[in-house]
Amino acid sequence: MDDLLKGLLGALRLLVSADPQVWGIIGTSLRVSLTALGLGALLGIPAGAWLGLRVKRPRWALALLYTAMGVPPVVLGLLVYVFISRSGILGSLGLPFIPRLFTVEAMIVAQALRALPLVTTLTMSAVMGVDAGLKQQVLALGATRLQLAAVVLREARTGVVVALVGGFAALISEVGAVMLVGGNVAGQTRVLTTAIVLETGQGNFDRALALGFVLLTLAFVGNLLLTRLQAVSAHG
Amino acid sequence: MAISNRSPTGPQIFAALATFVLLAGCAAAPPATPAPTAPPATKPAVSAAPTPTSIVAGPNEMILSTTTSTNDTGLLAALLPDFEAKNGIKVKVVAVGTGAALKLGEDGNADVVLVHARAQEDAFVAAGFGINRRDVMYNDFILVGPAEDPAKVAGLTSVADALKKIAAAGAPFISRGDKSGTNTKELELWKAAGIEAAGPWYNAIGQGMGQTLTFANERGGYTLTDRGTWLAQASKLKFLKVLVGGDSIAQNKDKALLNPYGVIQVNPARYPSVKAKYAEAFSAWITSLETQEKIAAFGQSQYGQPLFYADSEAWRKAHP
């Protein structure tokens, strides 16, 4: 209880005092999660819309999607690790666009791979939930498939926002993969979750708890913003 | 039927939050369970790892808290059966970082500690947590780095000179950054070299020796490692080589790189539950000439050189 209270007070102090280390960690966390979410959404929303609109969804695609959803992030991190490692399949080629291990870019790749199936599946479900009558109506009016997708996605925007909120929450709270491919370098690839692991390991429970509260607050604010956005878009 | 999403309804917001909680839960870190121990009156210079609270020693058992190096190299596994047979005591080994190992003793959760961080050991005894510190053995640290050696430190006899050149070249240095014995040593060496170890070239990763070596191998960086871990892992680290410290302890020209281990009995006056008799027996046994001979020979067959050099009083008397 004492630790918990100290952690809460510590969190307030850390945020108010504008500790540059902590803000750096928060910044890296946000940068990695939001960039990865953006990449995931860029591919995942169209993919989800495509799958959701199809009358017969290809089984292999669904199987692949659900498998990808089920892969533990740490295994995803391991796969990225062995691919881009200096002696890995991609890493050994020395290509300029392959990120090096233990960089923010490597973390973004692993996180984007995690976000992609999440966003795709949730978008697909949202699109599938749109009234079939509307689709027929839009098609009857002579809309192209692309226009149909746009209309349906607009109708399904609540679900898409849920996909993004969920994706963000999953990414920012992920530990295993970012630890493996990011390496937890102070001031470079250290994010909230890996910093919490480190501080706990060193017995600095107040600092670990403080960072934990920061993480919770961040997720809460993110949620609040997105639900607000959703409300605005629904009215507009 | 109209599609009703004019504004987010209660259930929708609930769904969003529920999804968030579910997903966050799936990905969340293992819960941090703080040890329910009150902060000790005197804190050692370095904070410790969480104290495992589940270790309980039975009537014929004792708890040895030690650093990972003595366990990971296989030294304890090779030595302990002899002690256990002679005394009819089972030794439970808790291998953690030096700070954490001392913390176990500090909280009365271990009976005897075997660690390598002289300053912290002395503080531990001075604060009344431990008694009767004895020299046991030493091994050494070496500086390893990329074979291409951008900072040109290969063959230097002084680690301080090597660190200065690395800093001047801005070559990547990988630090454990975890307040372990090795990390403490590394920070002392930077201080002695008069360099502030900070900047984009200095990577503090907060991880163990194995991960740190892997990181250095991957990123072409320099790092300080204990020789035992290096020897055990060298075959997997094809981009790295020893640059300062030579191929064996005998070749290590820099005294600053030596790494002495000490054994300390946890003070029974402070914690009556401590098995003082067993702790004393262990301390006497590990410093005895017979055990010291085994320490001196350990690793010879596997690595062609010993991993630790015996250094107890009894050994020094027998080998002046």
Side-chain angles (χ1 to χ4, degrees), chain A residues 2-4 73 85-87 91 100-102 114 118 122 130-131 133-134 155-158 161-163 165-176 179 183-190 193-205 208-209 212 219 223 226-227 230-231 234-235, chain B residues 1-3 5-9 12-13 15-30 32-39 46-51 96-97 99-100 103 174-175 177-180 198-200 202-207 211-212 214-215 217-220 238-239:
Chain A
D2 189 38
D3 279 328
L4 209 61
S85 154
R86 265 177 103 178
S87 34
R100 290 174 70 199
L101 204 49
F102 308 130
R114 166 122 174 90
L118 284 177
L122 291 173
V130 173
D131 191 351
L134 177 82
E155 281 306 317
R157 61 182 170 268
T158 307
V161 169
V162 169
V165 174
F168 175 74
L171 296 192
I172 201 147
S173 54
E174 206 284 322
V175 202
M179 181 69 106
N184 194 25
V185 184
Q188 297 176 33
T189 61
R190 185 162 297 166
T193 50
T194 57
I196 290 172
V197 171
L198 178 67
E199 296 292 354
T200 307
Q202 292 182 2
N204 302 330
F205 301 123
L209 279 167
N223 246 320
L226 279 169
T227 39
Q230 186 190 351
H235 282 298
Chain B
M1 188 206 100
I3 305 132
N5 56 358
R6 286 271 162 274
S7 66
T9 57
Q12 280 167 336
I13 293 173
L17 287 172
T19 313
F20 159 67
V21 168
L22 272 174
L23 292 168
C26 293
T33 42
T37 45
V46 168
S47 56
T51 311
V96 285
K103 172 86 173 149
I174 321 301
S175 165
D178 63 350
K179 298 184 177 171
S180 59
Y202 187 79
N203 300 266
I205 68 169
Q207 298 187 58
Q211 288 102 313
T212 305
T214 308
F215 195 114
N217 185 55
E218 197 58 49
R219 289 292 293 274
K238 58 178 179 175
F239 300 112

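Each chain gets a letter, A, B and so on, in the order its sequence line appears, and its residues count up from 1. Treat the numbers as computed from the prediction; the structure is a model and nothing was measured.
Only the side chain of B/F239 comes within contact range of chain A, judged by heavy atoms closer than 4.5 Å.
A/R86 and B/N217 make their closest contact through NH1-O, 2.8 Å (heavy atoms, listed as atom of the first residue, atom of the second, distance). Contact between A/R190 and B/G206 at its shortest, heavy atoms only, is NH2-N, 3.8 Å. When all heavy atoms of B/R219 and A/R100 are compared, the closest pair comes out as NE-NH2, 3.5 Å.
B/E218 pairs by the side chain to side chain donor-acceptor pair (under 3.5 Å) definition with A/S85, not counting sequence neighbours.
Expressed to the nearest 0.5 Å, how far CE of A/M179 lies from CD1 of B/I205 amounts to 9.0 Å.
Residues B/N203 and A/F102 fail the side-chain proximity criterion, which asks for heavy atoms closer than 4.5 Å.
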